[in-house]
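Atoms within each ligand, like the ligands themselves, are counted from 1 in listed order.
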Amino acid sequence: MAEDLRSLYVTALKNTHALELQALQIMERQVERLERYPEMDAALRRHITETHGQRDRLEEALSALGESPSALKEGVLGLMGNLAAIAHTPAQDKILKNAFANRAFENYEAAAYDSLITIAEAAGQAGPITGFQQSLKEELAMAQTVADLVKPTTQRYLQLTLSGDKADR
Ligand SMILES: [Fe+2]
C-alpha cells in the first residue's frame, strides 16, 4: 500500500476509534441516571455493548498494521466534544438535549464509517471492511432508534414536568 494511502487509512482508523471511545463516554454517562426513560436507557445499554464490538474491530484493524489507537483527546472532535458536554448539563431539559445529541451523534458515526470504508477500499484493505459494514449497519439502526425516541422522550418529559415531577433523568 502506498505510504500516503496507508497513513490516511491509519488516521481514519484512529479517528473512528476516538469517536467510539467518546460514544462510550457519552452513553455511559447517560445510563447512570436514566430512571424515568426506560426505552432510552435500554437502547443506550444495547448500543454500549455493540460499541464495544465496534471499538474492538477498529483495534484489530490497527494492530494488523502494527499501529495502536491514540489516547482520547478531549475537544479534538469539535461538534462531538460539544455534544458530549451536554450530558453534564444540570438543566431540567437535559434529557431533551441528550436526545438531540444522541440522534446527531449516531448519524455522525454512520458518516464516519461510510468514509472509513471508502478509504479502506482505496487502500485495498478488504479484510476489515465486512466488520466496518457491520458497524455501519449498527450505527444506522441506532440512528433510527434514537430518532424514533425523540417524540416519546419529549412526551414523557412534558408529562413529568407538568405534574411537577423531576423530568431530567
Ligand atoms: Fe454508535
Side-chain angles (χ1 to χ4, degrees), residues 8-64 67-89 94-121 125 127-154 156-157 169:
L8 290 171
Y9 176 53
V10 168
T11 299
L13 287 172
K14 288 183 176 180
N15 287 342
T16 312
H17 185 269
L19 191 62
E20 293 299 3
L21 294 189
Q22 190 145 36
L24 284 173
Q25 282 189 353
I26 292 172
M27 292 189 290
E28 280 161 2
R29 270 178 213 151
Q30 289 181 60
V31 295
E32 276 166 24
R33 42 191 106 134
L34 273 176
E35 291 151 22
R36 295 178 174 83
Y37 301 88
E39 287 151 353
M40 183 70 86
D41 188 71
L44 289 169
R45 286 180 193 280
R46 198 179 57 239
H47 195 55
I48 285 171
T49 305
E50 283 177 342
T51 303
H52 288 146
Q54 297 169 356
R55 178 201 57 199
D56 292 349
R57 287 178 195 125
L58 293 160
E59 288 177 3
E60 280 163 28
L62 280 164
S63 72
E67 301 279 346
S68 44
S70 316
L72 179 56
K73 287 165 272 175
E74 291 281 0
V76 134
L77 297 162
L79 166 70
M80 294 301 108
N82 292 330
L83 293 180
I86 293 169
H88 286 315
T89 313
K94 175 182 68 183
I95 186 72
L96 298 183
K97 290 169 180 165
N98 279 337
F100 308 161
N102 290 337
R103 184 167 170 176
F105 200 97
E106 296 306 329
N107 281 289
Y108 188 100
E109 288 186 284
Y113 277 105
D114 264 335
S115 178
L116 175 64
I117 289 166
T118 303
I119 294 172
E121 283 167 351
Q125 295 290 301
I129 286 178
T130 311
F132 297 154
Q133 278 163 344
Q134 176 62 30
S135 298
L136 173 60
K137 244 174 75 183
E138 292 165 358
E139 303 299 17
L140 289 170
M142 182 60 172
Q144 187 62 55
T145 299
V146 289
D148 293 342
L149 278 170
V150 171
K151 278 190 187 181
T153 299
T154 304
R156 181 98 175 111
Y157 166 83
R169 50 177 77 178

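- The N, O or S atom of H47 lying closest to the Fe ion (ligand 1) is NE2.
- The backbone N or O of Y37 lies less than 3.5 Å from no partner atom in the side chain of D41, so there is not a single donor-acceptor pair.
- The stretch residues 110-119 participates, sequence neighbours left out, in no salt bridge (Lys or Arg N to Asp or Glu O under 4.0 Å) pair at all.
- Heavy-atom neighbours of R57 CZ from other residues, nucleotides or ligands within 6.0 Å: above the threshold of 12.
- A43 approaches T145 most closely through the heavy-atom pair CB-CG2, 3.9 Å.
- Put simply, E106 gets within reach of the Fe ion (ligand 1), with an N, O or S atom under 2.8 Å from it.
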Could you go through the side-chain hydrogen bond (donor to acceptor under 3.5 Å, both in side chains) check for Q144 and D148 one step at a time? CA-CA 6 Å; Q144 187 62 55; D148 293 342; 3.0 Å; yes
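- Inclusion of E109 in the first shell of the Fe ion (ligand 1) is supported: an N, O or S atom falls under 2.8 Å.
- Among the backbone and side-chain atoms of E20, no N/O/S atom is found under 2.8 Å from the Fe ion (ligand 1).
- Looking at E139, its N, O or S atom nearest to the Fe ion (ligand 1) turns out to be OE1.
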